[in-house]
Amino acid sequence: MESELKDLNSKPAKPVAEDGSGEPAHDDASGKDDRPLLKPDPAPQVSSEELQELEKKCAAYVRRDAYGTMGRGELTVKEKVLLGLALVTLVPIRVVLAMTILVIYYLICRICTLFSVPNRDEEQEDYAHMGGWRRAVIVQCGRSLSRLMLFILGFYWINETYRIPSDAQPKPTTDCKDESEEEGTERPGAIISNHVSYLDILYHMSSSFPSFVAKRSVAKLPLVGLISKCLGCVYVQRESKSSDFKGVSGVVTERVKEAHQSNSAPPMMLFPEGTTTNGDFLLPFKTGAFLAKAPVLPVILRYPYQRFSPAWDSISGVRHVIFLFCQFVNHIEVTRLPVYYPSQQEKDDPKLYATNVRRLMASEGKMTQSDIGLAEKRVYHAALNGLFSQC
């Protein structure tokens, strides 16, 4: 497996989106392999010793909860009984309530967008810039129903911490005399968050209702498609050519600038790691969120657990949803850092800007900085499949 990692890392890098989005419904626009994670073909055969060595290198994706690797660990009798009871009682209730909320919000979005023409620009389509009472209803209902959805899933309390700005943090300087212009300068252009789970999206929707980056296929999904357009998602195509990638990167940059300059524009929500981790590590940041040279708002998410970890790292989507629905109480902790204003040097060097924001988030969130990425995640998942296919 070590040689496989070296071979993979030695290959020329394919165009990777600089949008900072995660997976699966908010993935990046890259030309890289579009194979689903955890389903490699064929799965390599590995020994337990090789897997242990790989887990040291891919520690950011290793699950350490009571359900074990890939959620397939040996459970105690007590855990099996609790799962059985939850499957026949709690899970059906949560599924019905969650689907009801989804349908209700879809109907709200459908009514509010009746007779409205969406914004269309180079295969992008959204209702995010719709004004008046329609937009107010979409945003307020979206935030409230997203919080209600989290409550149904067991996130009864959300522990939020707001860090006080440090004197060492550079403040924006402006000679503008107009108060409205000064307020626009203070507004961050993007929200930057570490990426742990698809649940991150629900939290950010309930908190600030921002626009995300999503795969183009999401726009065509029943119910979710219209909701994503009301969020103002920027759609990307994984197997797109580099010319299309540059166009998407430009759209994201323009949206970040617009959110920074206008209070009426929806903020952009970007996951610069590009994929999910177990929450204890912070992967290298892509620079897409920092190309606009606008201030950003760093937000750190953690999911404390005792039995099942809500992190979506190395477990299949179906298995993760089932275990999540079976857990009566789930926890989320949010740390909101002060708005980060880039220095002139950081504005001139987006990579330096991204590195400094990442370093700050890792320090404040007590996370370990890791230098691996999605390529290593695929190798690790392939190894897991190879191990379990021998069982």
Q | No-hydrogen, no-angle side-chain donor-acceptor test under 3.5 Å, H381 and Y61 | A | no

Q.
Are Y305 and I300 linked, directly or through intermediate hydrophobic residues, by side-chain heavy-atom contacts shorter than 4.5 Å (ILVMFWY only)?
A. no

Q | Any donor-acceptor N/O pair, D65 side chain to S309 backbone, under 3.5 Å | A | yes

Q. Quick one: are the ring centres of F209 and H204 less than 6.0 Å apart?
A. no

Q) Under 6.0 Å between the ring centres of Y156 and H331? A) no

**Q.** N159 (side chain) donor-acceptor with I332 (main chain) under 3.5 angstrom
**A.** no

Q.
Can you confirm whether S193 sits close enough to M269 that some side-chain heavy atom of one is under 4.5 Å from a side-chain heavy atom of the other?
A. yes

**Q.** Pairwise distance OG(S208) to CD1(I191) - rounded to 0.5 angstrom
**A.** 3.0 Å

Q: Give a yes or no on whether the backbone of R110 and the side-chain of T113 come within a donor-acceptor separation of less than 3.5 Å.
A: yes

Q.
If you define the side chain from C-beta out and look only at heavy atoms, does anything of R163 sit under 4.5 Å from P338?
A. yes

(Q) On a heavy-atom basis, which atom in N278 and which in A59 lie closest, and how many Å separate them? (A) ND2-O, 2.9 Å

Q) If you look at every heavy atom in G232 and A128, which pair is closest and at what distance? A) CA-CB, 3.4 Å

(Q) Test your reading of the model: is there a side-chain donor-acceptor pair from R134 to the backbone of C112, 3.5 Å cut-off? (A) yes

**Q.** Sole candidate of Y67, F325, F328 that passes ring pair (Phe, Tyr, Trp, His ring centres under 6.0 Å) when paired with F308
**A.** Y67

Q: Search all heavy atoms of V256 against all heavy atoms of A292 and return the closest pair with its distance.
A: CG1-CB, 3.6 Å

Q. Taking the side chain as C-beta and beyond, is there a heavy-atom pair between I192 and F285 under 4.5 Å?
A. yes

Q | In one Ile/Leu/Val/Met/Phe/Trp/Tyr side-chain cluster, 4.5 Å: V91, L82 | A | no

Q: Show your reasoning for whether side-chain contact (heavy atoms from CB on, under 4.5 Å) applies to K377 and L374.
A: CA-CA 5 Å; K377 188 176 188 178; L374 184 59; 4.1 Å; yes

Q: Check the pair Y106 / V224 against side-chain contact (heavy atoms from CB on, under 4.5 Å), numbers first and verdict last.
A: CA-CA 8 Å; Y106 168 80; V224 177; over 6 Å; no

(Q) Test of understanding: clusters of I, L, V, M, F, W, Y form through side-chain heavy atoms closer than 4.5 Å, transitively. Do V329 and L85 belong to the same one? (A) no

Q. In Å and rounded to the nearest 0.5 Å, what is the NE2 to CG distance from H195 to D313?
A. 12.0 Å

Q) For residues Q327 and N330, is any side-chain donor paired with an opposing acceptor at under 3.5 Å? A) yes

Q.
For R307, is there an ion pair with E79 - N to carboxylate O distance below 4.0 angstrom?
A. yes

Q: Indicate yes or no: does D349 engage K351 in a salt bridge with an N to O separation below 4.0 Å.
A: no

Q. Heavy-atom distance under 4.5 Å between the side chains of I138 and L231, does that happen here?
A. no

Q | Main-chain N/O of S262 paired with R187 side-chain donor or acceptor, under 3.5 Å | A | yes

Q: Kindly give the heavy-atom pair with the smallest separation between F281 and T277, and that separation in Å.
A: O-OG1, 3.5 Å

Q | Reported CD1-to-SG distance for the pair I111 and C141, which is rounded to 0.5 angstrom | A | 10.0 Å

Q: Step by step, work out the side chain to side chain donor-acceptor pair (under 3.5 Å) result for S211 and R255.
A: CA-CA 9 Å; S211 299; R255 291 285 291 273; 3.0 Å; yes

Q) Just wondering, do L148 and L145 contact through their side chains at under 4.5 Å, heavy atoms? A) yes

**Q.** Backbone N/O of I152 and side chain of R94: donor-acceptor pair under 3.5 Å
**A.** yes

**Q.** Shortest non-hydrogen contact between T100 and V96, atoms and distance
**A.** OG1-O, 2.7 Å

(Q) Run the side-chain contact (heavy atoms from CB on, under 4.5 Å) test on Y303 and W312 for me, step by step, so that the C-alpha distance in whole Å, both residues' side-chain angles and the decisive distance to 0.1 Å come before the verdict. (A) CA-CA 11 Å; Y303 295 86; W312 193 23; over 6 Å; no

Q: Would you check if P295 and Y340 make a side-chain contact, meaning some heavy-atom pair closer than 4.5 Å?
A: no

Q) Is there a path of hydrophobic side-chain contacts, each under 4.5 Å between heavy atoms of I, L, V, M, F, W or Y residues, that connects L83 with L90? A) no

Q. Mind checking whether L337 and L360 have side chains closer than 4.5 Å, heavy atoms only?
A. yes

Q. Within the distance-only criterion (no hydrogens, no angle test), does the side chain of D200 pair as donor or acceptor with the backbone N or O of S197 below 3.5 angstrom?
A. yes

Q.
Strictly distance-based, threshold 3.5 Å: is any side-chain N or O of E273 a donor or acceptor partner for the main-chain N or O of L283?
A. yes

Q. Just how far is it from atom CG of L226 to atom NZ of K220, taken to the nearest 0.5 Å?
A. 15.5 Å

(Q) Between R358 and Q369, is there a side-chain donor-acceptor contact under 3.5 Å, judged purely by atom types and distance? (A) yes

Q | Donor-acceptor pair, side chain of R143 and main chain of S207, under 3.5 angstrom | A | yes

Q: Could you check Y105 against L223 for side-chain contact (heavy atoms from CB on, under 4.5 Å), going step by step and ending with a plain yes or no?
A: CA-CA 9 Å; Y105 189 53; L223 305 179; over 6 Å; no

**Q.** Step-by-step side chain to side chain donor-acceptor pair (under 3.5 Å) determination, Y341 to E346
**A.** CA-CA 9 Å; Y341 298 97; E346 290 171 327; over 6 Å; no

Q.
Tell me whether L324 shares a hydrophobic cluster with W157, the cluster being built from Ile, Leu, Val, Met, Phe, Trp, Tyr side chains joined at under 4.5 Å.
A. no

Q) Taking all non-hydrogen atoms of both residues, which atom of R63 and which atom of M70 are closest, and how far apart? A) CD-N, 4.3 Å

Q: Going by the side chain to side chain contact (heavy atoms under 4.5 Å, CB included) test, name the single residue among I322, I315, V321 that passes it with V318.
A: I322

Q: With rounding to the nearest 0.5 Å, note down the distance linking SG in C233 to NZ in K215.
A: 13.5 Å

**Q.** Residue pair S228 / Y235, side-chain donor-acceptor N/O under 3.5 Å
**A.** yes

Q. If you measure from the Lys or Arg side-chain nitrogens to the Asp or Glu carboxylate oxygens, is any gap between K229 and D126 under 4.0 Å?
A. no

Q | Ion pair E364/R336, N-O distance below 4.0 Å | A | no

Q | Spacing of F151 atom CZ and S146 atom OG [to the nearest 0.5 Å] | A | 15.0 Å

Q. Under a 4.5 Å cut-off applied to non-hydrogen side-chain atoms, are E74 and K80 in contact?
A. yes

Q.
For the backbone of A294 and the side chain of Y353, can you confirm whether one donor and one acceptor N or O come within less than 3.5 Å of each other?
A. yes

Q | Single hit among R64, K366, R302 for salt bridge (Lys or Arg N to Asp or Glu O under 4.0 Å) with D280 | A | R302

